[in-house]
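Numbers restart at 1 for each chain; the letters A, B, ... are given by sequence-line order, proteins then strands.
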Number of protein chains: 2
Amino acid sequence: MTSDERIQRQAEDVLELLKVKGYKFTPQRRAVIGALIEANRPLSVKEMVDRLRESYPDMSADTVYRNLKVLCDLGVVSLISQQGKEGARYELDGRPHHHHLVCVTCGKSVCLPYCPMQERAEEMARREDFHVLGHTFEIFGYCRDCQREESSS
Amino acid sequence: MTSDERIQRQAEDVLELLKVKGYKFTPQRRAVIGALIEANRPLSVKEMVDRLRESYPDMSADTVYRNLKVLCDLGVVSLISQQGKEGARYELDGRPHHHHLVCVTCGKSVCLPYCPMQERAEEMARREDFHVLGHTFEIFGYCRDCQREESSS
DNA sequence: ATCGGTGCAAACCATTTGCACGTTA
DNA sequence: TAACGTGCAAATGGTTTGCACCGAT
């Protein structure tokens, strides 16, 4: 199974899930899902809106927010914690658990197929009577492109 | 050296650093530092303002923001990435490197004297030509108190 | 035809900024 | 007294909400 095939299948899964749960199909909703699939990395709302407006000039940010909320509630999209203030980033779930490298300059993030969560951390949480829901792990710094700009300026 | 002594000494270090760098001492600035020291855990700006207004009823949020910025620039305070939207949290640096347990309900966070950052992650970043500045690791879930409320409601 | 979804505009909220005044060094 | 720091008020920017209309089922 190629990466494209996997992604395509996932798109179908999402659409199927929406149907099952009684959500309607609208071009906008389809486009939001499509944007996340095509990007294959976390996108900020602004990035999504910019991309989407190429095909749907009237696409409004609220619609993107509302659809992201629906997709998060369905568990097919995850909110990546926001480093800096460029707003939140979202990515499609369903791939193996992983984390991110986040650029502090441009905000772009790339996937890091690695997870540092370990038994030791779980146990420390337990000791605090803390009911663990999940965790975040992000490495931040300058991405390739922003290092270039740094040094050339 | 007790924990109190260490903290006290750190307070002096901070004040000394401010003097060296040419910053002025104001009651507000002193109070912001004091609040972080007393809390000994990450505080949100709102929490700080609430505490500070007990002694300085006129304390304004902008002053807190401005002082936090100064302290961050000096490297004595760190911004903890914000889980959810209750605003950012800040904590005094200088203690051993650690991470946090963050409650998704009340936003409170407690320190986790553990760091999962490992050579493997560093290397993956290097492979991406990513210039690492730092990292975040947070475990989120329900704290003791909020579990109680969950079950009793 | 019904009800969910959309765009628009306004509301919100954390954070930042401009400005005139007060305070520290 | 010369900056710097402060409070206030207004601006900013991401996100949410109210509302009337439109389109999917």
Nearest heavy atoms of [X] and [Y], plus distance in Å:
X	Y	value
B/V49	B/A61	CG2-CA, 4.0 Å
B/C143	B/C103	N-SG, 3.5 Å
A/L43	A/A35	CD1-O, 3.8 Å
A/L101	B/F130	CB-CE1, 3.8 Å
B/L112	B/H98	O-CB, 3.3 Å
A/R41	A/S109	CD-O, 3.8 Å

Atom [atom1] of [X] and atom [atom2] of [N]: how far apart are they, to the nearest Å?
X	N	atom1	atom2	answer
B/R53	D/dT6	CZ	C1'	13 Å
A/K69	C/dG5	NZ	C1'	15 Å
B/Y56	D/dT6	OH	P	11 Å
A/K19	C/dG5	NZ	C1'	18 Å
B/L79	C/dA14	CG	P	15 Å
B/L71	D/dG5	CG	P	11 Å
B/D58	D/dA9	CG	C1'	15 Å
B/L52	D/dG7	CG	P	10 Å

> Among residues 20-31 of chain B, which contact DNA chain D at a heavy-atom distance under 4.0 Å?
Replying inline: B/Y23, B/K24, B/T26, B/Q28, B/R29
>> If you take any heavy atom closer than 4.0 Å to DNA chain D, which residues from residues 59-67 of chain B end up in contact?
In response: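 Heavy-atom cutoff 4.0 Å gives B/M59, B/S60, B/D62, B/T63, B/R66, B/N67.
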> In residues 41-49 of chain B, which ones come under 4.0 Å of DNA chain C, going by heavy atoms?
Replying inline: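 Correct list: B/V45.
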> Does any non-hydrogen side-chain atom of B/L52 lie less than 4.5 Å from one of B/Q28?
Replying inline: no
> So, A/H99 side chain and A/F137 main chain: donor-acceptor pair closer than 3.5 Å or not?
Replying inline: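 Yes, A/H99 side chain to A/F137 backbone: donor-acceptor pair under 3.5 Å.
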>> Could you check whether any side-chain N or O of B/R53 sits under 3.5 Å from a backbone N or O of B/M59, counting only pairs where one atom can act as donor and the other as acceptor?
In response: yes
>> Salt bridge or not between B/R126 and B/E122? Use side-chain N to carboxylate O under 4.0 Å.
In response: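 Looking at B/R126 and B/E122, the cut-off is not met.
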> Charged N to carboxylate O below 4.0 Å: is that the case for B/E47 and B/R89?
Replying inline: yes
